[in-house]
Chemist: 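First the structure, then my questions, so here it is.
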Amino acid sequence: MSNTLPPLPYAYDALEPYISKQIMTLHHTKHHQTYVNALNAAEAAYAKSSTPKERIALQAALKFNGGGHINHSLFWKNLAPASSEGKGNGGTLQDGPLKEAINSTFGNLENLKKEFNAATAGIQGSGWGWLGLNPTTKRLEIVTTANQDPLLSHVPIIGVDIWEHAFYLQYLNVKVDYLNAIWSVINFQEAEARFLEGSGSKL
């Protein structure tokens with residue numbers, strides 16, 4: 001079954017002024033679409049391969065493009081129009097299980113933002129910053145992955161793309177400004193749903 005580009009749950013300009021319409025349009029229709037196309041091509045080639053050598057040769061393409069598809073599919077749902085702009089619920093962490101877990105682990109949301117931004121800004125080259133749920137300890141942890149590697153060690157709660165295509169047209173090379181801004185459009189309701197599912201809790 002072919003992989004397809006998922007539709008955005010909001011308009012391309014819905015995350016402005018924090019993420020521009022131009023970035024969202026290019027990021028979704030060009031970059032994510034490219035991962036989908038390349039993943040489908042790699043899967044088709046894998047299905048036709050007849051030797052271990054051929055299958056091994058396709059592993060890098062499957063991992064890179066499969067990870068890009070998985071990560072971006074999570075990323076779009078991870079964002080929402082900003083409540084500070086009167087557009088939606090982005091950036092607002094309501095009282096509830098996720099807020100309690102954040103406060104328990106990091107003290108408060110501001111401390112989480114500082115630790116997350118520092119870890120994510122420190123990625124060499126391209127990659128992703130994650131707030132993940134450790135499946136063993138059931139505690140929240142900040143994790144980073146390189147390139148398009150998906151987060152496999154933890155349940156992804158919040159993921160932030162730190163590839164230049166996610167921010168350069170608006171923030172140039174100032175990653176910190178992008179990381180500070182993106183918290184205004186983080187969909188904490190989606191994050192809490194992932195947290196509850198990952199921890200085995202029910203609403």
Side-chain angles (χ1 to χ4, degrees), residues 1-6 8 19 23-24 26-47 49 52-79 105-106 112-169 171 173 175-176 178-179 182-183 185-187 190-191 193-195 197-199:
M1 185 173 70
S2 291
N3 301 283
T4 58
L5 182 71
L8 291 185
I19 304 180
I23 285 177
M24 289 301 296
L26 289 170
H27 199 172
H28 182 248
T29 66
K30 301 300 183 184
H31 292 281
H32 190 174
Q33 184 68 66
T34 297
Y35 296 128
V36 170
N37 294 345
L39 175 60
N40 286 335
E43 289 182 343
Y46 191 90
S49 63
K53 183 177 180 180
E54 290 174 333
R55 289 190 283 272
I56 290 169
L58 288 164
Q59 292 302 310
L62 289 167
K63 180 180 180 182
F64 181 78
N65 294 295
H69 181 42
I70 291 168
N71 291 346
H72 284 87
S73 297
L74 288 168
F75 184 59
W76 309 132
K77 294 180 181 179
N78 214 134
L79 304 174
T105 302
F106 301 98
L112 164 61
K113 291 178 182 178
K114 290 176 184 176
E115 291 186 34
F116 185 99
N117 288 4
T120 304
I123 293 173
Q124 297 295 313
S126 301
W128 289 74
W130 301 95
L131 178 66
L133 179 67
N134 185 312
T136 302
T137 65
K138 302 297 184 182
R139 290 185 64 81
L140 295 173
E141 296 174 356
I142 295 167
V143 192
T144 61
T145 56
N147 301 313
Q148 290 295 352
D149 292 0
L151 183 63
L152 301 177
S153 59
H154 295 64
V155 177
I157 307 301
I158 293 171
V160 173
D161 189 350
I162 200 66
W163 279 66
E164 284 192 346
H165 65 232
F167 64 87
Y168 196 86
L169 290 173
Y171 295 98
N173 63 333
K175 289 182 182 179
V176 174
Y178 162 68
L179 289 168
I182 202 168
W183 289 101
V185 289
I186 290 294
N187 186 344
E190 170 70 15
R194 293 182 196 169
F195 174 74
E197 182 179 1
S199 59

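Residues take their numbers from the sequence shown, with the count starting at 1. Small disclaimer: the values here were computed from a predicted structure and weren't measured.
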Chemist: Which is it for Ile182 and Phe167 under the side chain to side chain contact (heavy atoms under 4.5 Å, CB included) test, yes or no, and what are the steps along the way?
Modeler: CA-CA 10 Å; Ile182 202 168; Phe167 64 87; over 6 Å; no

Chemist: Contact between Leu169 and Leu26 at the side-chain level, heavy atoms closer than 4.5 Å - yes or no?
Modeler: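 Side-chain contact under 4.5 Å: yes.
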
Chemist: Hydrogens and angles aside, do Trp128 and Gln148 bring a side-chain donor and acceptor to less than 3.5 Å of each other?
Modeler: yes

Chemist: For residues Gly129 and Thr144, report the shortest heavy-atom separation together with the two atoms involved.
Modeler: CA-CG2, 4.4 Å

Chemist: Quick check: do Val160 and Leu179 have side-chain heavy atoms less than 4.5 Å from each other?
Modeler: yes

Chemist: Measuring from atom CE of Met24 to atom CD1 of Ile19, what distance do you get when rounded to the nearest 0.5 angstrom?
Modeler: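 These two atoms lie 6.0 Å from each other.
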
Chemist: I want to check something: taking the side chain as every heavy atom from C-beta on, are Tyr178 and Thr120 in contact at a cut-off of under 4.5 Å?
Modeler: no

Chemist: Show, in sequence, the C-alpha distance, side-chain angles and deciding distance for Phe106 and Leu131, and conclude whether the side chain to side chain contact (heavy atoms under 4.5 Å, CB included) test is met.
Modeler: CA-CA 11 Å; Phe106 301 98; Leu131 178 66; 3.9 Å; yes

Chemist: Before giving the answer on side chain to side chain contact (heavy atoms under 4.5 Å, CB included), spell out for Ser73 and His32 the whole-Å C-alpha distance, their side-chain angles and the decisive distance to 0.1 Å.
Modeler: CA-CA 9 Å; Ser73 297; His32 190 174; 3.6 Å; yes

Chemist: Under the rule for ring-ring contact (aromatic ring centres under 6.0 Å, His included), what residues qualify as partners of His27, not counting sequence neighbours?
Modeler: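 Counting only residues at least two positions away or on another chain, His27 forms a ring-ring contact (aromatic ring centres under 6.0 Å, His included) with His72, Phe75, Trp76, His165.
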
Chemist: What distance separates Leu79 CG from Leu8 CG, expressed to the nearest 0.5 Å?
Modeler: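 Here the interatomic distance stands at 9.0 Å.
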
Chemist: Kindly compute the distance separating CG (Leu74) from CD1 (Ile158), expressed to the nearest 0.5 Å.
Modeler: 12.0 Å

Chemist: Would you confirm whether Asn147, through its side chain, and Asp149, through its main-chain N or O, come within 3.5 Å as a donor-acceptor pair?
Modeler: no

Chemist: Taking atom CD1 of Ile70 and atom CG of Leu151, what is their separation to the nearest 0.5 Å?
Modeler: 10.5 Å

Chemist: Going by heavy atoms in the side chains, are His69 and Pro6 under 4.5 Å from each other?
Modeler: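 Yes; the side chains approach each other to less than 4.5 Å.
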
Chemist: What is the distance from atom NE2 of His154 to atom OG1 of Thr137, rounded to the nearest 0.5 Å?
Modeler: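 Interatomic distance, His154 NE2 to Thr137 OG1, rounded to 0.5 Å: 7.0 Å.
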
Chemist: Which pairs, with at least one residue in residues 112-129 and sequence neighbours excluded, count as a salt bridge (Lys or Arg N to Asp or Glu O under 4.0 Å)?
Modeler: Glu110-Lys113

Chemist: Is there a side chain to side chain contact (heavy atoms under 4.5 Å, CB included) between Trp183 and Asn117 once you walk through the steps?
Modeler: CA-CA 10 Å; Trp183 289 101; Asn117 288 4; 2.9 Å; yes

Chemist: Between Lys77 (side chain) and Ala191 (backbone), is there a donor-acceptor pair under 3.5 Å?
Modeler: no

Chemist: Taking all heavy atoms of Ile142 and all of Ala119, pick out the closest pair and write down the distance.
Modeler: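 Closest approach of Ile142 to Ala119, heavy atoms only: CG2-CB, 3.8 Å.
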
Chemist: Would you say Asn40's side chain and Asn3's backbone share a donor-acceptor pair under 3.5 angstrom?
Modeler: yes

Chemist: Measure the CG-CG distance between Leu5 and Asn37 for me, rounded to the nearest 0.5 Å.
Modeler: 9.0 Å

Chemist: Tell me the closest heavy-atom pair linking Pro156 and Arg194, and the distance in Å.
Modeler: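 What the structure gives for the nearest pair is O-CD, 3.2 Å.
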
Chemist: List the atom of Gly125, the atom of Lys175, and the distance in Å for their closest heavy-atom pair.
Modeler: O-NZ, 3.7 Å

Chemist: State, to 0.1 Å, how close Leu62 and Ala42 come at their nearest heavy-atom pair, and which atoms those are.
Modeler: CD2-CB, 3.7 Å

